[in-house]
Amino acid sequence: MRFFIDTANLDQIKEAHALGILDGVTTNPSLMAKEGIKGHDAIMQHYVDICNIVDGPVSAEVISTDFEGMVAEGKKLAALHENIVVKIPMIKDGIKAIKWFSDNSISTNCTLVFSAGQAILAAKAGATMVSPFIGRIDDSNWDGVELIQQIVNIYNAQGYMTEVLAASIRTPLHIVKCAEAGADIVTCPLSSITGLLKHPLTDLGLAQFLKDAQSL
Ligand code: G3P
């Protein structure tokens, strides 16, 4: 399972990259706004800056919601760097745009996926990745990890090549459960990635080892 970081914060991207386990980055307009990035040129430069830190897929989301707009925007994003993946929302024109990008060998990440039916449609259109938002599903009293399992089973049964990118990860346990369910990729906040490190018995055990080492 590959690890992406879900942020537009360059310091956090650098910190995750320094761990040596980072495979890619996902962003969205909310994450870009959180970093205070404003204006077309600054947004484009920010994507390039991210690509210069991480050698792996970097999802950049279109703002347009019509087919022509998504294609025009996606072409510009894809031209920024070879690692850019054009992120397209799960709407009718989005499906048409994903098919267009697939036919033109441009990678896509179909975002805002909340059902197996949507994931099937994204795969049929040729999406490179599909992003079910598991934290937001949990927020609505459904089980986000169950959806990941269902999509993984369907893609395996049907032989779809689209990768399952579990998104809206909120906790280290989400990462573990997505690994069990067979997700291809998880995209997580830095806190969920570093949260995997934590266990009180590790801390206690290390403290004891260091204490005993003083008597050596
Ligand atoms: O990758 C999608 C993610 O950014 C959404 O996360 O926590 O806003 O549901 P969240």
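Atoms within each ligand, like the ligands themselves, are counted from 1 in listed order.
- Within a 6.0 Å radius of CD in Glu163, more than 12 heavy atoms belonging to other residues, nucleotides or ligands are found.
- Looking only at heavy atoms of the protein, atom 7 (O) of ligand 1 is closest to Arg170 NE, 2.9 Å.
- Checked by atom type and distance alone, the side chain of Ser192 pairs as donor or acceptor with a backbone atom of Arg170 at under 3.5 Å.
- At a 4.0 Å heavy-atom cut-off, ligand 1 touches Asn28 through the side chain alone.
- Rounding to the nearest 0.5 Å gives a distance of 8.5 Å between CD1 of Ile151 and CD of Gln118.
- Distance from atom 8 (O) of ligand 1 to its nearest protein heavy atom, with residue and atom name: Arg136 NH2, 2.8 Å.
- On a distance-only criterion, Thr26 and ligand 1 share no N/O pair closer than 3.5 Å.
- Counting only heavy atoms of the protein, atom 2 (C) of ligand 1 lies nearest to Phe133 CZ, 3.4 Å.
- Ser131 contributes atom OG, which lies 3.5 Å from atom CG of Asn109 (distance to the nearest 0.5 angstrom).
- The 12-atom threshold is not exceeded at CG of Asp55, counting heavy atoms of other residues, nucleotides or ligands nearer than 6.0 Å.
- With salt bridges taken as basic N to acidic carboxylate O contacts below 4.0 Å, one links Lys177 and Glu180.
- Considering only non-hydrogen protein atoms, atom 4 (O) of ligand 1 sits nearest to Asp6 OD2, 2.6 Å.
- Protein heavy atom nearest atom 6 (O) of ligand 1, with residue, atom name and distance: Ser168 CA, 3.5 Å.
- Each of the following atoms of ligand 1 lies closer than 4.0 Å to a heavy atom of Ala167: 1 (O), 2 (C).
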